[in-house]
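One structure below.
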Protein chains: 2
Amino acid sequence: MEERKQKVLLAIVQDFIATAEPVGSRTIAKKYGLGVSPATIRNEMADLEELGYIEQPHTSAGRVPSVRGYRYYVDYLMQKRELSRDEEELIRREFEIKVRDVGQVIQKTGQLLSQLTCYTAMVLTQQMGGSSFKHVQLVPMSINQTMVIVVMDNGAVHHRMIETPESIRPSDLETLSKVLNAKLQGLTMENIKLTLLKEIYFELGKHKQVLDLAMEMIQDSLGLKDEDKIYLGGVFNMINQPEFHNVERVKTMLSILEQEKLLCELLTGQSWDKGVTVRIGGEITDYDIKDYSVVAAPYSISGRKIGSIGVLGPTRMDYAKVISVVDFMTKNLSKTLERMFLGRGR
Amino acid sequence: MEERKQKVLLAIVQDFIATAEPVGSRTIAKKYGLGVSPATIRNEMADLEELGYIEQPHTSAGRVPSVRGYRYYVDYLMQKRELSRDEEELIRREFEIKVRDVGQVIQKTGQLLSQLTCYTAMVLTQQMGGSSFKHVQLVPMSINQTMVIVVMDNGAVHHRMIETPESIRPSDLETLSKVLNAKLQGLTMENIKLTLLKEIYFELGKHKQVLDLAMEMIQDSLGLKDEDKIYLGGVFNMINQPEFHNVERVKTMLSILEQEKLLCELLTGQSWDKGVTVRIGGEITDYDIKDYSVVAAPYSISGRKIGSIGVLGPTRMDYAKVISVVDFMTKNLSKTLERMFLGRGR
DNA sequence: TTTAGCACTCAATGCCATCGAGTGCTAACA
DNA sequence: TGTTAGCACTCGATGGCATTGAGTGCTAAA
């Protein structure tokens, strides 16, 4: 594309992102010093429209970027931006002080993500399939209630209350815990062998009833039962965006946010390999979300991807800013999680 | 109040709750068979307005209940309602199938609450102060990371990753766990004596570093660190209510929902002793939420109140229905939690 | 005490004229 | 050939104005 066309397109996208109003030729000539008259710009605009980069809401209005226009902007025109010192500092501080367990890390990430961008943040924790058994503990809670706690090697902790016959003594539970720990150490769902199970049942046969429940719990933890969970943040502050001045818009947005499946798809879709992915107007989804864009990126522990974070906003979002925030946050998140699970050393 | 006035007021409240439109004298005469003409009803309405039970949005409109009118309705006129068989069945089924741990119980409760009422559900889990220590387990996760798991007698489980020197062996951690369990069994924050601590440190002195971190974790769990948490559900389906046809309303509602402190106050305020409390137009709060009402009730385990649930909706809410739902849900919630913690037997 | 009748009020609705931002086209200009 | 000034045209937005109708309050009769 000729350089001047690019400049006009850039001006249109930037101005529209800033003001949310369709951009006219006069505005461009005045605000963005291209050194040509409105009439010339009008000609360029007519061309850009023909090429599909911009659109006209109605005849007597200015131009608005089309999905294709945003795409071109993001791919070729946009100037990458870094976070400001203040912002980086804020993030670092928030994470240092207030973050103790994984849940808090996730929540904090979402919170900051939405706070920094003014859009809605999404944090997806993927099932960490293939994780292995680390530890089980049976804790007697009352005369016929026992808590089963299962720890996985990735740091996940699951607990559940089970019912146990009154005849079981605490020392029995202790024994059960010990044997299970010894036998199952380090195993994943797949490599629990039948012979091993037989061995366990042989050794602990007299407490079959309890054992059944405990094993069920362990298998649930190991198996795929731990669905993807999605954390949303900042749904509220987004409705201050001018696009949400009419209620219908708010409703469609909320109905999008209700469809977890769709959100997961948006977060993972095709972004799995590259870093930050930008999906404009819901490119590549069956669902109809043409007015929204998603900026997403996966996070990982020592190279293994274990989830994604993303920002959902109107197509008219500040891509440069959002991309830099998402990029920074994934790195930060990965680092924090690695530190939690693998120790400060590596 | 004379009986006919009551009937007129009842008609106005009922009709307004059903239609969200100001109610005129004609409508009442036609729909609610009082056997008198619109003119008579107009006279009654003038009286009711003078008494402060109803209001006129503007001269040529019908009447709308005032806060006082709703209050009178709820206290004297409203017919208590039971849940339908279907609804009770739905609740029971949802709880039987899908509920495994406390978190799920809370979430399910909120979900059903909002689903059945079409308003926003709030579930508050109060700090269960005064709960006592049950069990601690140190699980080695990597060469210099250890997971500390603390179980409380009320069934709460907290876990945290701590950093441990590489010199610590798994068997050391085992010993630590054992000693801590033996010494701290059943204690609350208050009755951990200094002498006891000295005893522990004497016995486990050589692992002071780890012990420090573990004790910190235990004290955090015992102490007040476990803040009240509030779960919100069905924020989205509420905006289908006609009051939210204009965006300003949506915004003020969302800003209310953002103020957790306010929500806690609304849920606990004065409801602590009675069962279901109805607070109309935010009666008795400093905050200005005159357009909303809250129906709340505490839930408990074996008589000890440990949280509240509630429904937030426009003042024009279907009080009869909401009250019955909230009432049923607290009972259900208490029962479910008791079953989880105390066993099915009692 | 109730009610029919009637004048009155006022939000809502729809119509119309006006306004103005912005366009596309044409013709003149460099 | 590319640029620009000029101009007619489009169309949403805005505001004024009349109309409508639901609903009221008052008065006088039953």
Side-chain angles (χ1 to χ4, degrees), chain A residues 1-9 11-13 15-16 18-66 69 242-243 245-246 248-249, chain B residues 1-9 11-13 15-16 18-66 69 242-243 245-246 248-249:
Chain A
M1 202 192 300
E2 305 113 74
E3 202 189 321
R4 199 175 58 194
K5 273 201 183 41
Q6 289 194 349
K7 277 190 183 161
V8 173
L9 179 55
I12 292 174
V13 175
D15 206 80
F16 187 66
T19 65
E21 298 288 330
V23 190
S25 52
R26 236 181 91 81
T27 315
I28 295 179
K30 238 191 320 184
K31 278 213 266 181
Y32 304 81
L34 299 195
V36 289
S37 77
T40 313
I41 290 176
R42 276 207 291 284
N43 288 328
E44 297 287 22
M45 282 163 94
D47 291 354
L48 282 169
E49 183 162 9
E50 208 171 331
L51 293 167
Y53 292 108
I54 55 179
E55 290 163 352
Q56 229 175 341
H58 55 261
T59 326
S60 71
R63 299 311 210 290
V64 159
S66 67
E243 2 275 304
H245 270 338
N246 87 63
E248 278 319 302
R249 286 297 189 85
Chain B
M1 201 191 302
E2 305 113 75
E3 202 188 320
R4 199 175 57 193
K5 272 201 183 41
Q6 290 195 348
K7 277 190 182 161
V8 172
L9 179 54
I12 292 175
V13 175
D15 206 79
F16 187 65
T19 65
E21 299 288 331
V23 190
S25 53
R26 236 182 90 82
T27 314
I28 295 179
K30 238 190 322 183
K31 278 213 268 183
Y32 304 80
L34 300 196
V36 290
S37 75
T40 312
I41 291 175
R42 277 205 289 284
N43 287 329
E44 297 287 20
M45 282 162 93
D47 291 354
L48 282 170
E49 182 161 11
E50 208 171 331
L51 292 168
Y53 293 108
I54 56 178
E55 291 164 352
Q56 226 175 343
H58 54 264
T59 326
S60 69
R63 300 307 212 292
V64 159
S66 66
E243 3 274 306
H245 270 339
N246 86 63
E248 279 318 304
R249 286 298 188 84

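A, B, ... follow the sequence lines: proteins, then strands. Residue 1 opens every chain.
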Rounded distance (Å) that lies between atom C1' of D:dG2 and atom CZ of A:Arg4: 8 Å
Taking only heavy atoms on the protein side, list every residue of residues 18-41 of chain B lying under 4.0 Å from any atom of DNA chain D, sorted numerically. B:Gly24, B:Ser25
Minimum-distance nucleotide to A:Ser60 side chain [options: D:dC11, D:dG25, D:dG6]: D:dC11
For A:His58 and C:dT23, give me the distance from atom NE2 to atom C1', rounded to whole Å. 11 Å
D:dA13 P sits how many Å from A:Asn246 CG, rounded? 12 Å
d(CG, A:Asn43; P, D:dT1) in whole Å: 15 Å
Between C:dT23 (C1') and A:Met45 (CE): distance, integer Å: 9 Å
Rounded to whole angstroms, how far apart are CG on A:Asp47 and P on D:dT3? 11 Å
Would the distance check show the side chain of A:Glu55 and the main-chain N or O of A:Pro65 forming a donor-acceptor pair, the cut-off being under 3.5 Å? no
With no hydrogens and no angle check, is any side-chain donor or acceptor of B:Gln56 less than 3.5 Å from a backbone partner on B:Ala61? yes
Using a 3.5 Å distance criterion without hydrogens, assess whether the side chain of A:Ser66 forms a donor-acceptor pair with backbone atoms of A:Gly52. yes
Any side-chain to backbone donor/acceptor pair from B:Thr19 onto B:Asp15? Under 3.5 Å, distance only. yes
Lys/Arg N to Asp/Glu carboxylate O, A:Arg63 vs A:Glu49, below 4.0 Å: yes
Regarding the side chain of A:Gln56, the nearest nucleotide among C:dC10, D:dG25, C:dT23 is C:dT23
Rounded to the nearest angstrom, tell me the gap between atom CZ in A:Arg42 and atom P in D:dA8. 15 Å
Are B:Glu44 and B:Lys5 ion-paired here, with the side-chain N under 4.0 Å from a carboxylate O? yes
Expressed in angstrom and rounded to an integer, what is the separation of B:Glu44 atom CD from C:dT3 atom P? 11 Å
